[in-house]
Amino acid sequence: MEKDIYEKIMDLAKRRGYLWSSFEIYGGIAGFVDYGPLGCLLKNNIISKFREIFIVKEGFYEIESPTVTPYEVLKASGHVDNFTDPIVECKNCLESFRADHLIEEFVDVDTERKTLKELEELIRKYNIRCPKCGGELGEVKKFNLMFVTSIGPGGKRTGYMRPETAQGIFIQFKRLAQFFRNKLPFGVVQIGKSYRNEISPRQGVIRLREFTQAEIEYFVHPERKEHEKFDLVKDEIVPLLPADRQMDENLSEEEKIIKMSIGEAVEKGIIRHQIIAYFIALTKRFLENIGIDKDKIRFRQHLPNEMAHYAIDCWDAEIYTERFGWIECVGIADRTDYDLRSHSYHSGVELSIFVEFDEEKEIETYEINLNYKVVGRVFKKDTKVIEEYISNLSEKDKENFVKTLEKDGKVIIKINEKEFEILKDYVEIKKVKKVIKGEKVIPHVIEPSFGIDRITYCLLEHSYREEDDRVYLDLKPSIAPIKAYVLPLVNKEDMPKIAMEIKEMLRDNGIIAEYDDSGAIGRRYMRADEIGVPFCITVDGQTLEDRTVTVRERNTREQIRVRIDDLVDYLKERLKE
RNA sequence: GCGCCGGUGGUGUAGCCUGGUAUCACUCUGGCCUUCCAAGCCAGCAACCCGGGUUCAAAUCCCGGCCGGCGCACCA
């Protein structure tokens with residue numbers, strides 16, 4: 001059977017040093033890959049382009065935090081709870097199921113926030129049996145999608161390998177805000193490894209257990225989701241696949257996609273706000289810039305039920321591949337203030353920023369002070385949370401608080417699912433006039449998150465060309481791992497020596513070049529083509545007379561003569577492409 | 001995690017049914033030749049996924065594992 005393009009690419013990638021399966025001599029482990037010498041160069045070039053666009057041009061800054069993350073952080077972020085699937089196994093046929101899904105299938109109960117024991121009790125109570133064979137179900141166990149480890153001797157502190165790089169940024173919010181001199185908006189980048197213990201990783205590099213993410217956390221004022229450079233991108237036409245169209249069964253797959261400018265998409269409310277739209281445009285630019293086929297990119301909005309626990313809107317950049325169809329390569333999510341609020345609550349550290357008003361205001365406000373003698377006795381340890389809650393009330397909330405208290409004689413406040421009843425004598429309220437210059441704001445976060453491994457694979461696939469008698473990778477010169485092969489036409493006279501000197505000269509000037517004198521010239525061109533080398537420099541008889549060489553272009557196979565003295569400048573110019 | 005199929009040099013394969021350590025081609029390396037797109041000649045490197053069982057003897061038969069493909073499930 002004819003191999004499909006995926007097989008051809010993975011084969012080429014393996015043979016020529018792009019991608020290898022990890023731990024191969026010990027049998028290998030699914031979900032892990034090695035980047036070989038060329039793969040590493042390619043991936044680094046992709047990341048350089050990412051940095052060029054988001055760090056140099058957008059003015060974001062990159063940080064690097066540990067991949068091992070203590071329990072507390074991921075508990076706060078919701079990953080400890082949301083990343084753990086309860087699984088139950090049939091004692092008879094050994095098939096395993098999601099316990100919560102199974103229960104909901106049979107009984108109309110809400111399984112959210114149930115403990116493993118409670119789930120098991122439900123299974124016993126309603127006598128739920130294996131849907132496949134009717135056998136008895138075993139114990140309900142956790143399956144955690146995060147890799148667990150222990151920190152320090154004795155294993156007293158639990159750690160996880162981070163499931164995303166984002167948390168490292170959120171927990172440094174205070175330091176970052178100070179670095180950016182407390183001015184919104186600002187963007188922070190992190191590029192690095194993340195880990196998800198996938199149940200069944202497959203499809204090579206498409207679903208990995210250890211993978212490289214490039215994430216941007218863009219912190220904005222919650223009420224200012226406009227972008228000052230929006231005008232520069234608003235006319236960009238993008239293929240969009242909005243949620244309502246995806247669910248419309250009357251539309252064909254083709255019709256579900258609409259092409260429109262992102263300016264129009266924002267105006268019509270298809271994209272929630274300018275910032276998501278701006279990042280959609282930038283993402284498209286980045287992907288096209290590294291060489292992803294522009295006709296194989298589309299942006300798909302998440303359906304309400306597939307949204308992550310922290311997001312209110314999310315658009316994926318999907319890239320088309322022959323074997324897997326459209327695959328998610330970038331997710332652009334509005335995470336609101338979910339993460340900062342959570343970390344603020346769990347750590348007890350205020351994660352907000354003071355935003356000055358355009359004009360200072362004089363307002364009537366209330367000063368609400370806790371009567372600690374009473375409150376302390378009633379709420380004990382919870383006093384601290386209540387204190388924080390009250391001191392963080394906005395002007396509007398304060399007003400409501402005071403009004404409700406006067407009307408009902410009590411106020412019920414809800415802090416993270418816990419309710420507290422505040423009575424009149426718990427607080428002292430003063431009405432004061434105050435000049436205020438601004439307010440504390442918990443920023444919202446817009447997060448474009450790039451899956452670098454998937455993008456790398458897509459790029460290889462989109463670059464793969466078969467032409468009569470040869471195979472080549474049509475990688476852009478700026479992205480190609482090796483930039484030039486230097487070849488003596490034949491191994492005679494001074495040709496090898498001059499070619500070797502040219503290779504050294506190119507390397508001294510920062511151009512990655514290789515020398516190859518093995519076999520006929522045609523064979524060497526093919527070798528270079530197959531790994532995507534954009535230029536072959538050939539030293540021939542004429543070189544010996546006038547110190548010129550030929551430069552052969554990979555795609556066209558056309559050759560021009562260039563003086564050796566001009567070669568570095570010539571290539572440097574061409575390598576910008 | 002379940003089911004089906006598969007796993008032999010770098011790649012593609014022959015051998016497996018019918019046990020006796022491996023075929024061929026390409027690639028690759030060294031040399032010769034070669035003045036522009038996988039030419040030729042000589043020499044060379046290089047493999048039975050792992051573990052256990054049966055047997056005098058296992059690439060071959062049996063069991064388990066790992067890896068890969070497909071289907072199901074999963075994929076905040």
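Keep in mind that this is a model prediction, so the values were computed, not measured. Residue numbers begin at 1 in each chain, while the letters A, B, ... track the order of the sequences.
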For [X], answer base if it contacts any base atom (sugar-phosphate contacts may also be present), sugar-phosphate if it contacts only those atoms, and nothing otherwise; contact means non-hydrogen atoms under 4.0 Å.
X      : result
A:I521 : sugar-phosphate
A:D529 : nothing
A:R323 : sugar-phosphate
A:E493 : base
A:G28  : sugar-phosphate
A:I29  : sugar-phosphate
A:Q559 : base

Between [options], which nucleotide has the shortest distance from any of its atoms to the side chain of [X]?
X      : options                : result
A:D469 : B:rU35, B:rU34, B:rA38 : B:rA38
A:M495 : B:rC37, B:rU35, B:rC75 : B:rU35
A:A520 : B:rC37, B:rU35, B:rA39 : B:rA39
A:V490 : B:rC67, B:rC36, B:rU35 : B:rU35
A:Y525 : B:rC37, B:rA39, B:rG69 : B:rC37
A:R557 : B:rU35, B:rG68, B:rC37 : B:rC37
A:Y6   : B:rU35, B:rG69, B:rA38 : B:rG69

Check the distance between [N]'s [atom2] and [X]'s [atom1] and give it to me in whole angstrom.
X      : N      : atom1 : atom2 : value
A:E24  : B:rA47 : CD    : P     : 14 Å
A:I25  : B:rG10 : CD1   : P     : 13 Å
A:I206 : B:rG69 : CD1   : P     : 11 Å
A:I498 : B:rU35 : CD1   : C1'   : 14 Å
A:L12  : B:rG10 : CG    : P     : 17 Å
A:L303 : B:rC75 : CG    : P     : 14 Å
A:R524 : B:rC33 : CZ    : P     : 15 Å
A:R207 : B:rG69 : CZ    : P     : 12 Å

The answer to which of A:E530 and A:R209 contacts RNA chain B further toward the 5' end, by nearest nucleotide, is A:E530
Nearest nucleotide by nearest heavy atom, which residue falls closer to the 5' end of RNA chain B, A:Q542 or A:E164? A:Q542
Parallel, tilted or perpendicular: ring planes of A:F173 versus A:F219, cut at 30 and 60 degrees: tilted
A:F147 and A:F32 aromatic ring geometry - parallel, tilted or perpendicular at 30°/60° bounds: tilted
With a 3.5 Å limit on both atom pairs, tell me what [N] is paired to, counting Watson-Crick and G-U wobble, or say none.
N      : result
B:rC28 : B:rG44
B:rG3  : B:rC70
B:rA22 : none
B:rU54 : none
B:rC75 : none

Below 4.0 angstrom, N of the basic side chain to O of the carboxylate: do [X] and [Y] qualify?
X      : Y      : answer
A:R554 : A:D474 : yes
A:K296 : A:E318 : no
A:E467 : A:R557 : yes

With rounding to the closest Å, how many angstrom separate the [atom1] atoms on [N] and [M]?
N      : M      : atom1 : result
B:rC48 : B:rA43 : P     : 25 Å
B:rG3  : B:rG44 : P     : 49 Å
B:rA58 : B:rC62 : C1'   : 11 Å
B:rC72 : B:rG15 : C1'   : 36 Å
B:rG7  : B:rC63 : P     : 15 Å
B:rU27 : B:rG69 : C1'   : 25 Å
B:rC50 : B:rU60 : P     : 10 Å
B:rC17 : B:rA59 : P     : 12 Å

Where do N or O atoms of nucleotides 26-31 of chain B meet protein N or O atoms at under 3.5 Å, pair by pair?
| unit_1 | atom_1 | unit_2 | atom_2 | d |
| --- | --- | --- | --- | --- |
| B:rU27 | OP1 | A:R523 | NH1 | 2.9 |
| B:rU27 | OP1 | A:R523 | NH2 | 3.4 |
| B:rC28 | OP1 | A:R527 | NH1 | 2.3 |
| B:rC28 | OP2 | A:R523 | NH1 | 3.1 |
| B:rU29 | OP2 | A:S518 | OG | 3.4 |

Quick one: is the NZ or CZ of A:R552 closer than 6.0 Å to the six-membered ring centre of A:Y525, and within 45° of its axis? yes
Identify whether NZ of Lys or CZ of Arg in A:R470 sits under 6.0 Å from the centre of the six-membered ring of A:Y472 and within 45° of that ring's axis. yes
Stepwise ring pair (Phe, Tyr, Trp, His ring centres under 6.0 Å) test for A:F299 and A:W315: CA-CA 6 Å; A:F299 291 88; A:W315 287 81; 7.7 Å; no
Heavy-atom donor-acceptor pair, A:R323 side chain to A:E7 backbone, under 3.5 Å: no
Are A:E461 and A:T321 close enough that a side-chain donor and a side-chain acceptor fall under 3.5 Å? no
Check: B:rC37 base within 3.5 Å donor-acceptor of A:R552 side chain: yes
For A:K492 and B:rU34, is the shortest distance between a side-chain N/O and OP1 or OP2 below 4.0 Å? yes
Please indicate whether A:R547 has more than 12 foreign heavy atoms, meaning atoms of other residues, nucleotides or ligands, lying under 6.0 Å from its CZ. no
